[in-house]
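Quick notes on the structure that follows.
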Amino acid sequence: QVQLVESGGGLVQAGGSLRLSCAASGRTFSSYAVGWFRQAHGKEREFVAAISWSGSSTYYADSMKGRFTISRDNAKNTVYLQMNSLKPEDTAVYYCAAAPYYSGLYQSWDYWGQGTQVTVSS
């Protein structure tokens, strides 16, 4: 069992940066891939980025490449999402999720946090 808690969301102006954190509990966290997804109001949940259990592999949605960076610190049971050059269209609730293996489909992830709101003003 893995419990996930996101933090770091907030209000930022376009062009600004935020760093989201996903803190996990559960002694097997380091064996899970972790992903970030987001859901804007009225839209379907979409994949943002993911990282393998070791951190050696990372995956990004095309629209986030070059702007977002995912990383993890297994000693701290935490995964980070550094978001730079934010745009108003990045406004959404951001969720972290954990699963044994990476998938770009949100339906394939086993554990979810409660989400953190990111709002980017123009």
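What's counted below: heavy atoms across the whole structure, side chains too, no hydrogens, waters or symmetry copies. Numbers here simply count residues along the sequence, with the first being 1.
- Across every non-hydrogen atom of V93 and G115, the tightest pair is CG1-CA, 3.9 Å.
- For the residue pair Y94 / R38, a side-chain donor-acceptor distance below 3.5 Å is found, with atom types taken as modelled.
- Checked against the 6.0 Å centroid threshold, Y111 and Y95 do not count as a close aromatic pair.
- Atom SG of C22 sits about 11.5 Å away from atom CD1 of I51, to the nearest 0.5 Å.
- Residues W53 and F29 keep their aromatic ring centres 6.0 Å or farther apart.
- No side-chain N or O of Q13 forms a donor-acceptor pair with one of S121 less than 3.5 Å apart.
- Between the OG atom of S63 and the CD atom of E46 there is a distance of 6.0 Å, given to the nearest 0.5 Å.
- The shortest heavy-atom contact between W109 and F37 is NE1-CZ, 3.2 Å.
- Y102 is not connected to V34 by any chain of hydrophobic side-chain contacts under 4.5 Å among Ile, Leu, Val, Met, Phe, Trp and Tyr, and they are in different clusters.
- Residues W36 and F68 are members of one and the same hydrophobic cluster, defined by side-chain heavy-atom contacts under 4.5 angstrom among Ile, Leu, Val, Met, Phe, Trp and Tyr.
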- [ ] Give the C-alpha distance, both sets of side-chain angles, the deciding distance and a yes or no for side chain to side chain contact (heavy atoms under 4.5 Å, CB included) between Q117 and T91.
- [x] CA-CA 8 Å; Q117 176 71 47; T91 295; 4.0 Å; yes
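- In this structure a side-chain-to-backbone donor-acceptor pair under 3.5 Å is missing from T119 to L11.
- Note on V79 and L18: same hydrophobic cluster, where clusters join Ile, Leu, Val, Met, Phe, Trp and Tyr whose side-chain heavy atoms are under 4.5 Å apart, directly or indirectly.
- Side chain to side chain, N84 and S17 meet the donor-acceptor criterion of an N or O pair below 3.5 Å.
- Between S30 atom OG and R72 atom CZ the span is 7.0 Å, to the nearest 0.5 Å.
- Taking both residues in full, the closest heavy atoms of I70 and T58 are given as CG2-CG2, 3.8 Å, listed atom of the first, atom of the second, then distance.
- Residues L86 and Y60 share a single hydrophobic cluster, defined by chaining ILVMFWY side chains whose heavy atoms lie under 4.5 Å apart.
- At distances below 3.5 Å, not a single donor-acceptor pair connects side-chain atoms of S122 with backbone N or O atoms of P88.
- When side chains are defined from C-beta on, D90 does not count as touching M83, because their heavy atoms never get closer than 4.5 Å.
- Considering every non-hydrogen atom in both D110 and P100, the closest pair reads OD2-CD, 3.1 Å.
- Using a distance-only test at 3.5 Å, with no hydrogens or angles considered, a donor-acceptor pair links the side chain of E6 to the main chain of Q114.
- Rounding to the nearest 0.5 Å places CZ of F47 at 11.5 Å from OG of S108.
- By the criterion of side-chain heavy atoms lying less than 4.5 angstrom apart, applied directly or through intervening Ile, Leu, Val, Met, Phe, Trp or Tyr residues, Y32 is not grouped with W112; the two fall into different hydrophobic clusters.
- For the pair R19 and Y80, the distance from NZ or CZ to the six-membered ring centre is under 6.0 Å and the angle to the ring normal is within 45 degrees.
- Taking the charged nitrogens against the carboxylate oxygens, K65 and D62 do have a contact shorter than 4.0 Å, which makes a salt bridge.
- Taking both residues in full, the closest heavy atoms of L4 and A24 are given as CD2-CB, 3.6 Å, listed atom of the first, atom of the second, then distance.
- Interatomic distance, CG of N74 versus NZ of K76, reported as 12.0 Å (0.5 Å rounding).
- In this structure, CZ in R67 is found 4.5 Å from NZ in K87, a value given to the nearest 0.5 Å.
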